[in-house]
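Each remark here refers to the structure printed beneath this line.
Here is how names work: the chains are called A, B, and so on, in the same order as the sequence lines, proteins then strands, and each is numbered from 1.
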Amino acid sequence: MTETEAAARFEQVAMPHLDAVYNLARWLTGDAHDAQDIAQEAMLRAYRFFASFRGEDARGWLLKIVRNTYYTQWRQARAHDTPAEFDEELHSLAGDDAAPSMGRADANPESIVARAQDMRLLDRALAALPVEYREALVLRELEDLSYKEIAAALEIPIGTVMSRIARGRRLLLDSFRTLTGENHGMQRSQRSHRGVR
Amino acid sequence: MECSEARDLIAAYVDGEASAARAAPLDEHLAGCLACRRERAAQSFVHLELRRVATYHAAPAGLRARVRAAAGAAHRKPLRERWWTRWSAPLLAPAASFAVAALLASNVYLAASRPSADERVAEDVVTSHVRALVSERAIDVVSSDRHTVKPWFVGKLDYSPPVTDFAEHGFALAGGRLDYVGGRPVAALVYRHGVHVVDAFVWPDGAAAAVIPEAHAEARRGYNLLHWRANGMAYWLASDMDPVEMEQLELLMAAARPM
């Protein structure tokens, strides 16, 4: 393949997915500057490995590269820096089978919607999720990938995709509810001196 | 169907990923189980809310162009170490940009181990750049056409400098100038990048058979310098541009085919 052909094919096949590449990088890193670095490096890797791409699902292929770039380079390099935080208070679930939102007075989704006018709360809750749940939900809800496509991108079995999405949503709802309550001055007595990330 | 089994299926059910063979018994279970109906409501709520309000971060302006430039350059020089990816690696970028900013502010010299010959050249380069900026004679041959600029050097130098216009990448060739660096006449190519002027000094370097694996950046008298060797030539950039933009031009120049 000549240089011009390669560039043209890359432009046609890969570049349309730059938004998806950046979006995933942005949700993985939580930072716009880091996300640009990851996205650029991932696209460059994609360009170099383009010959090995067989043309089935360009977006899934690129998202996999984004993830690999994030995990192999970026996260390892920072591993000693700040370990991924997990807010115990925010995610106070006992286990997978716990049904966090059930049996509480404000568990009704409609009432939560009514109080959560600020959509950024949901962003905050998503950003605070442990990365394995966050990436699964971003691919499912923001990229609208099927379980099969997510399984390919994350390189995990479909059954694991299903449990990550299920648990991710439960965790998200719980922390969203916590944030919503805080935002409206509720539950203050329980957490008077503790902030929520 | 037991609740535990139903719980595992509800997410897939909400996502339309449960097969009909499994959805039917789940429907039956849901009809008689309030707790699982609530779980379905919870799964469905997050599913719909994320799609409705979660931020989709579209690629910022400029990323597309940077990816194109980087990909094009990578194609043309696969063997040369891409130092700039490390430079811009997320781990290093904040630290490096902070360090550069700090060094610029204090005007500290970055390279401790530079050979004295390069030291003299660096001083000449920044002096030439500053002199050109303050004088009338910033450009001897004013042209954005490399076919005008390149021949202009014939007879004035004992070599022919590579001349390329990078206007489509934001670095427009403005012309050329004959200058004096390291005790020899050299070609200075002048580029404009926004409000910034960049001087690119190029001359043959006999010692440059071995390519410098990494370009060398430093700040001197408030100006940024970037130096590398390739194809038997020594390259020096001098400008008040951001170091990252200097690297972009380096990338473009290093990627351009010799002509």
Side-chain angles (χ1 to χ4, degrees), chain A residues 3 6-7 10-11 15 18-19 21-23 25-27 29 31-41 43-44 47-48 73-74 77-78 81 96-97 99-102 107-109 112-113 119-120 122-123 126 137-138 140-142 144 146-147 158 162-163 165-166 168-170 172-173 176, chain B residues 3-4 7-18 34-39 41-60 62-76 78 82 84-94 97 257:
Chain A
E3 177 185 330
F10 188 77
E11 186 71 29
M15 287 303 272
L18 186 64
D19 281 346
V21 163
Y22 178 77
N23 183 54
R26 178 67 178 70
W27 277 110
T29 62
D31 177 89
H33 182 85
D34 291 344
Q36 290 201 45
D37 285 339
I38 296 270
Q40 183 170 333
E41 176 64 20
M43 289 299 277
L44 207 59
Y47 190 83
R48 287 161 67 209
Q73 289 195 333
W74 195 78
R78 291 202 150 182
D81 213 23
D96 250 354
D97 56 348
S101 55
M102 299 173 200
N108 179 3
I112 298 167
V113 176
M119 65 171 64
R120 280 170 301 177
L122 197 71
D123 274 354
L126 180 58
L137 286 178
V138 165
R140 176 73 198 111
E141 313 294 16
L142 296 182
D144 197 29
S146 69
Y147 283 15
I158 285 191
M162 186 167 73
S163 61
I165 287 174
R169 285 191 185 131
R170 285 181 212 135
L172 187 69
L173 183 60
F176 181 54
Chain B
C3 278
S4 59
R7 258 338 127 66
D8 289 342
L9 261 181
I10 286 172
Y13 183 87
V14 164
D15 286 312
E17 295 265 357
L34 178 62
C36 284
R37 282 207 301 277
R38 281 186 171 155
E39 170 67 4
Q43 289 287 327
S44 182
F45 167 71
V46 176
H47 169 66
L48 296 172
E49 277 301 283
L50 278 176
R51 283 162 188 256
R52 193 172 68 84
V53 301
T55 303
Y56 190 99
H57 297 281
L63 181 59
R64 211 166 292 271
R66 281 201 300 285
V67 167
R68 284 195 185 107
H75 195 107
R76 274 165 252 165
R82 297 199 336 278
W84 57 271
T85 56
R86 262 187 295 130
W87 172 271
S88 64
L91 173 69
L92 297 179
S97 55
R257 295 182 188 286

### Query
When heavy-atom pairs shorter than 4.5 Å are enumerated against chain A, which of B:Ala11, B:Gly16, B:Ala59 gives the highest number?
B:Ala59
### Query
For A:Leu126, is it the side chain, the backbone, both, or neither that has a heavy atom closer than 4.5 Å to a heavy atom of chain B?
side chain
### Message
Please rank A:Met43, A:Arg140, A:Glu11 by heavy-atom pairs under 4.5 Å with chain B and give me the top one.
### Response
A:Arg140
### Query
What is the minimum heavy-atom distance between B:Ala42 and A:Leu173, and which atoms define it?
CB-CD2, 3.5 Å
### Best-contacting candidate, A:Asp144, A:Ile158, A:Asp19, A:Ile165, against chain B by heavy atom pairs under 4.5 angstrom
A:Asp19
#### Entry: Which atom of B:Thr55 lies closest to which atom of A:Trp27, heavy atoms considered
O-NE1, 3.1 Å
### Distance-only donor-acceptor check, side chains B:Gln43 and B:Glu39, under 3.5 Å
yes
### Query
Given that the side chain runs from C-beta out, which part of A:Asp31 has a heavy atom under 4.5 Å from chain B: side chain, backbone, both or neither?
neither
### Query
Between B:Gly62, B:Ala58, B:Ser4, B:Ser44, which has the largest tally of heavy atom pairs under 4.5 Å with chain A?
B:Ala58
### By ring pair (Phe, Tyr, Trp, His ring centres under 6.0 Å) - contacts of B:His47 (at least two apart)
none
### Summary
One should read off an interatomic distance between A:Met15 CE and A:Leu18 CG, to the nearest 0.5 angstrom, of 5.5 Å
